[in-house]
Amino acid sequence: YGGDFSFLHCSSFNGGGMALSRGTIRQHGGVMSFRHSIAKEKGGGMFVDHGSAFVEGHAEAEVQNCTASEGGGISLDQSNLTQHGGRLQISKCEAVVEGGGVSLEGGFISMIRGTLQFDMCRTMPDRRIVHRGGGLSVREGHLNQKGGNMKFLNCNSLDGGGVGFVRGV
């Protein structure tokens, strides 16, 4: 099950590596990687708009050294991310405003099994604007953990180094 695909040194307005609108992406096995990609606005690695993303089984997903204004690694806009196993690692990603690793604006992140790890993600230090969620920013969305492991290591922001919530649950 599942093959490997990677995005390296990609850039776009939204979704430096991949933009998904009103669709579904499902990684059941293999490795999906986004590295050194940039988005001017949302989702340095991947931008999901009104869609769904699943990490399942023995899949490995890696988002490294990606940058955007919101959601340095992944931006979820009215979208859902569900992890039923495997490993999703977001490391050394950076956002100008919020969600150094992941930005969720409406929708949910549901952790059922597996490992979701944020490592050395941050929002850029600038006191002129509010920065939140060095690892994860949840704005008008839900974060549900039913099982598995969620780790925030060395994440940094002016408001919510690991996780920043605004009207989120």
Straight-line distance of [X] [atom1] to [Y] [atom2], nearest 0.5 Å:
{"X": "S69", "Y": "K40", "atom1": "OG", "atom2": "NZ", "result": "8.5 Å"}
{"X": "Q78", "Y": "R22", "atom1": "CD", "atom2": "CZ", "result": "10.0 Å"}
{"X": "R26", "Y": "S52", "atom1": "CZ", "atom2": "OG", "result": "8.5 Å"}
{"X": "T67", "Y": "R122", "atom1": "OG1", "atom2": "CZ", "result": "9.0 Å"}

State plainly whether one hydrophobic cluster holds both [X] and [Y], where clusters connect Ile, Leu, Val, Met, Phe, Trp and Tyr through side-chain heavy atoms under 4.5 angstrom apart.
{"X": "M32", "Y": "V48", "answer": "yes"}
{"X": "L20", "Y": "L81", "answer": "yes"}
{"X": "L104", "Y": "F47", "answer": "no"}
{"X": "I74", "Y": "I38", "answer": "no"}
{"X": "V97", "Y": "M124", "answer": "yes"}

- Task: Decide side-chain contact (heavy atoms from CB on, under 4.5 Å) for F5 and V31; before the verdict, give the C-alpha distance in whole Å, the side-chain angles of both, and the deciding distance to 0.1 Å.
- Result: CA-CA 7 Å; F5 62 99; V31 179; over 6 Å; no
Counting C-beta onward and ignoring hydrogens, is there a side-chain heavy-atom pair between [X] and [Y] closer than 4.5 Å?
{"X": "M120", "Y": "S91", "value": "no"}
{"X": "L143", "Y": "F165", "value": "yes"}
{"X": "L88", "Y": "Q83", "value": "yes"}
{"X": "H36", "Y": "L8", "value": "yes"}
{"X": "I25", "Y": "F54", "value": "no"}
{"X": "E41", "Y": "N14", "value": "yes"}

Please report the closest heavy-atom contact between [X] and [Y], naming both atoms and the distance.
{"X": "C121", "Y": "K92", "value": "SG-N, 4.1 Å"}
{"X": "G17", "Y": "C10", "value": "CA-CB, 4.0 Å"}
{"X": "S157", "Y": "G160", "value": "CB-O, 3.7 Å"}
{"X": "G100", "Y": "T123", "value": "N-CG2, 4.0 Å"}
{"X": "S37", "Y": "G44", "value": "CB-O, 3.3 Å"}
{"X": "G73", "Y": "C66", "value": "CA-CB, 4.3 Å"}

- Could you walk me through whether R139 and E70 pass the side-chain contact (heavy atoms from CB on, under 4.5 Å) test, one step at a time? CA-CA 11 Å; R139 188 160 28 120; E70 295 180 19; 3.5 Å; yes
- Item | With sequence neighbours excluded, residues passing ring pair (Phe, Tyr, Trp, His ring centres under 6.0 Å) with H58 |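 Scan of H58 (ring pair (Phe, Tyr, Trp, His ring centres under 6.0 Å), adjacent residues dropped) gives none.
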Is it the case that the side chain of [X] and the backbone of [Y] share a donor-acceptor pair, with hydrogens and angles ignored and the cut-off at 3.5 Å?
{"X": "R132", "Y": "S137", "answer": "no"}
{"X": "N80", "Y": "F108", "answer": "yes"}
{"X": "S103", "Y": "E98", "answer": "no"}

- Task: Quick one: do F7 and M18 satisfy side-chain contact (heavy atoms from CB on, under 4.5 Å)? Show the steps, please.
- Result: CA-CA 8 Å; F7 301 86; M18 172 191 290; 3.6 Å; yes
- Message: Checking side-chain contact (heavy atoms from CB on, under 4.5 Å) between V102 and each of V63, L116, V163, I109, which is the one that passes?
- Response: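 Looking at V63, L116, V163, I109, the match for V102 under the side-chain contact (heavy atoms from CB on, under 4.5 Å) is I109.
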- Please assess F34 against Q64 for the test side-chain contact (heavy atoms from CB on, under 4.5 Å), listing each intermediate value before the final yes or no. CA-CA 6 Å; F34 300 88; Q64 298 176 346; over 6 Å; no
Name every donor-acceptor pair, under 3.5 Å, that has one atom in a side chain of residues 146-156 and the other anywhere in the protein, sequence neighbours excluded.
none

- Task: Any salt bridge (Lys or Arg N to Asp or Glu O under 4.0 Å) involving residues 73-91? Give me the pairs, sequence neighbours left out, ordered by first then second residue.
- Result: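 Only K42-D77, E60-R87, E62-R87 qualify under salt bridge (Lys or Arg N to Asp or Glu O under 4.0 Å).
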